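Right, one structure below, let's go through it.
Computation of the quantities below employed the complete heavy-atom set of this structure, encompassing side-chain atoms and omitting hydrogens, waters and symmetry-equivalent molecules. All values derive from a computational prediction rather than experimental measurement. First the proteins, then the strands, lettered A, B, ... as listed; each starts at 1.
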There are 2 protein chains.
Amino acid sequence: MSPQEVTQEPAPTPRRSKITPERAQEFYAAVLDILRESGYEALTMEGVASRTRCGKSTLYRQWGSKPELVVAALHGTRQALLPYIDTGTLAGDLHEAARAIGAGSGRDTPLMHALGHAALQSPELLCALREALIAPALAAIDAMVRRGAERGEIRPDNPAAEFVSAQLLGVVRARPLVEGENADEAYLTRFVDHAILPSLGLSAPAQ
Amino acid sequence: MSPQEVTQEPAPTPRRSKITPERAQEFYAAVLDILRESGYEALTMEGVASRTRCGKSTLYRQWGSKPELVVAALHGTRQALLPYIDTGTLAGDLHEAARAIGAGSGRDTPLMHALGHAALQSPELLCALREALIAPALAAIDAMVRRGAERGEIRPDNPAAEFVSAQLLGVVRARPLVEGENADEAYLTRFVDHAILPSLGLSAPAQ
DNA sequence: GTCCTTCGATACGCCAGTGTACCGATACGA
DNA sequence: TCGTATCGGTACACTGGCGTATCGAAGGAC
């Protein structure tokens with residue numbers, strides 16, 4: 001490595017983009033909207049450009065290609081699949097989670113449907129999807145379970161604990177195929193009461 | 001309606017196709033293979049034609065368009081996601097189901113991943129997917145649960161019974177996204193033991 | 001054996017999306 | 001204030017798949 005290269009700033013592309021963070025959020029929102037509406041394959045650069053009223057050149061200058069734009073959109077919008085929840089009981093937490101996921105069905109559930117298969121064929125996309133959507137939800141649910149164990153509601157080594165998050169995300173993906181309609185709040189609440197809580201050895205709280 | 005139209009045979013297209021049922025199975029197998037490998041969007045008529053060494057005209061003559069070909073392929077190949085299972089106990093049945101689904105991961109699980117999102121945007125495709133893959137699996141699992149109830153292993157009105165099939169299909173769809181690998185036999189067996197059976201009020205059979 | 005339909009194969013026009021190039025306009029930095 | 005780089009917008013060539021048309025060949029039906 002030559003001295004020149006060392007003294008040179010490590011960023012070889014000192015782009016001074018005119019795109020404000022707010023404008024970037026518009027791009028990201030448009031990308032996610034199109035994903036939710038039409039899926040990953042139907043997302044086109046021209047579609048993003050026309051919806052955001054920008055030139056295709058801007059998109060290619062800034063993000064290079066469609067996968068990179070999608071990855072950036074996932075990373076760039078800090079959207080919480082689950083808000084912070086701590087009701088004091090595991091059952092209460094899971095109920096709130098069911099409500100949040102069910103209510104947010106119009107936001108993040110379609111995103112997972114849209115990206116589910118595409119992510120399985122692109123490691124970068126899978127990574128971005130997991131970091132942006134799945135991992136936070138997993139962490140939130142696992143935190144609920146851990147707090148429940150700390151409070152003594154369940155045993156710390158309860159073998160069903162491992163599956164709580166997978167079950168919740170699973171029915172969200174499964175119900176549209178099984179029953180033809182999205183997993184809404186009512187369904188998820190019943191699922192928590194009649195499947196998840198019993199599997200943990202808990203019973204549904206008396207209404 | 002004129003008399004002529006009444007006397008005319010109702011089938012205006014008495015095609016006498018030269019495609020033998022075996023040849024049709026080749027087409028269907030190729031379609032499903034491509035779906036498993038690359039997904040619904042990447043499936044092209046030209047790809048099917050080249051893989052089966054036939055002309056595109058044959059495909060269009062016979063099936064008309066890509067969605068119809070896929071629907072026909074789903075209906076035309078009687079592939080059992082689940083074989084007939086009856087071990088005498090609900091736990092044993094679910095174990096066998098876990099084994100069958102896990103072992104068949106290379107066959108039908110990718111199909112559901114590939115068609116999951118596309119089916120949500122095409123009613124015909126959703127219908128075909130449910131009839132060919134999902135409904136049989138649902139019926140098989142529900143039959144297991146029903147037999148378990150008849151034997152007195154669980155109460156007939158056990159509220160968790162409703163969710164068994166959705167739980168199983170759910171984790172199959174969720175695990176690749178959550179953990180990055182398919183739900184194999186070992187995972188599904190653990191899931192049955194530690195999540196489904198406890199939710200039904202049963203415990204895992206002693207190994 | 002002859003006819004007739006379908007088969008496999010190819011060529012064609014069409015359309016949509018990709019990625020690049022170019023243009024005036026404009027907003028930032030010096 | 002002035003230069004410059006990026007912006008939005010459009011045009012372009014290119015690719016790839018769709019669906020149709022057309023061809024010789026082949027295999028049943030009669």
Side-chain angles (χ1 to χ4, degrees), chain A residues 9 11-31 33-35 37-73 76 114 117-118 121-122 124-125, chain B residues 9 11-31 33-35 37-73 76 114 117-118 121-122 124-125:
Chain A
E9 55 185 349
T13 316
R15 299 192 61 83
R16 23 182 206 171
S17 170
K18 291 183 181 178
I19 298 184
T20 64
E22 295 76 23
R23 183 70 169 134
Q25 288 298 319
E26 290 181 32
F27 287 127
Y28 296 156
V31 169
D33 281 344
I34 297 176
L35 282 176
E37 296 165 11
S38 316
Y40 181 78
E41 304 293 336
L43 175 77
T44 67
M45 299 298 259
E46 301 196 339
V48 177
S50 75
R51 184 176 294 217
T52 55
R53 304 196 53 77
C54 79
K56 284 196 297 175
S57 25
T58 301
L59 298 180
Y60 283 103
R61 265 192 296 261
Q62 212 66 23
W63 290 283
S65 71
K66 165 170 134 177
E68 299 176 60
L69 175 57
V70 172
V71 169
H117 182 255
Q121 306 204 326
S122 158
E124 300 82 17
L125 200 52
Chain B
E9 55 185 349
T13 317
R15 299 191 61 82
R16 19 180 207 172
S17 169
K18 291 183 183 177
I19 298 184
T20 65
E22 295 75 26
R23 182 71 169 133
Q25 288 297 319
E26 289 181 32
F27 287 126
Y28 296 157
V31 169
D33 282 344
I34 297 176
L35 282 176
E37 295 165 11
S38 316
Y40 181 79
E41 305 293 337
L43 175 77
T44 67
M45 299 299 258
E46 304 198 339
V48 176
S50 75
R51 185 176 292 218
T52 56
R53 305 195 51 78
C54 79
K56 284 197 298 176
S57 27
T58 301
L59 298 180
Y60 283 105
R61 265 193 297 260
Q62 212 68 24
W63 291 282
S65 71
K66 166 169 133 177
E68 299 175 61
L69 175 57
V70 171
V71 169
H117 182 255
Q121 306 204 327
S122 158
E124 299 83 16
L125 200 53

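- Between the side chain of A:S57 and the base of D:dG9, at least one donor-acceptor pair of N or O atoms lies under 3.5 Å.
- Put simply, A:Q62 has no side-chain N or O that comes within less than 4.0 Å of OP1 or OP2 on D:dT6.
- At a threshold of 4.5 Å between non-hydrogen side-chain atoms, the residues A:P67 and A:L125 do not count as touching.
- Smallest separation of non-hydrogen atoms from B:G76 and B:Y28: CA-CE1, 3.7 Å.
- For A:M45 and C:dG19, the CE to P distance is 7 Å, given to the nearest whole Å.
- Atom CD in A:E41 sits roughly 12 Å away from atom P in D:dG17 (whole-Å rounding).
- Between B:T58 and the phosphate of C:dG8, there is a side-chain N or O to OP1/OP2 separation shorter than 4.0 Å.
- Not a single donor-acceptor pair under 3.5 Å links the side chain of A:K56 to the backbone N or O of A:M45.
- For A:A73 against A:V31, the heavy-atom pair with the smallest separation is CB-CG1, 3.8 Å.
- Within the nucleic acid shown, B:T44 comes within 4.0 Å of sugar-phosphate atoms alone, with no base atom in reach, counting heavy atoms only.
- For B:R53, the listed nucleotide lying nearest its side chain is C:dA9; candidates were C:dG8, C:dA9, D:dC18.
- The phosphate of C:dA9 (OP1 or OP2) has no side-chain N or O of B:R61 nearer than 4.0 angstrom.
- Nucleotide D:dG17 holds its C1' atom 15 Å from the CG atom of B:L69, rounded to whole Å.
- As a whole-Å value, the separation of B:E26 CD from C:dC7 P is 14 Å.
- Atom CD in A:E46 sits about 6 Å away from atom P in C:dT18, given to the nearest Å.
- Sequence order on DNA chain D of the closest nucleotides to B:L43 and A:I19 puts A:I19 first from the 5' end.
- Summary for the helix from C:dG1-D:dC30 to C:dA30-D:dT1: the axes at its two ends, each from 5 pairs, differ by 20° when rounded to the nearest 10 degrees.
- For A:K56 against D:dG8, a side-chain-to-base donor-acceptor contact under 3.5 Å is absent.
- Screening B:K66, B:H117, B:Q121 for a side chain to side chain contact (heavy atoms under 4.5 Å, CB included) involving B:Y40 leaves a single residue, B:K66.
- Smallest separation of non-hydrogen atoms from B:T52 and B:R23: O-NH2, 2.9 Å.
- Using a distance-only test at 3.5 Å, with no hydrogens or angles considered, a donor-acceptor pair links the side chain of A:S50 to the main chain of A:G47.
- D:dC14 atom P lies 17 Å from atom OH of A:Y60, rounded to whole Å.
- Proximity note for A:K18 (side chain, C-beta onward) versus D:dG8, C:dA27, C:dC7: the nearest is C:dA27.
- You'll find that the side chain of B:R23 is closest to C:dG8, out of D:dC18, D:dC7, C:dG8.
- Atom CD of B:E22 is separated from atom C1' of C:dC7 by 17 Å (rounded to the nearest Å).
- Rounded to whole Å, the distance from CG on B:L59 to P on D:dG17 is 14 Å.
- Residues A:A49 and A:G55 share a closest heavy-atom pair of CB-C, 4.2 Å.
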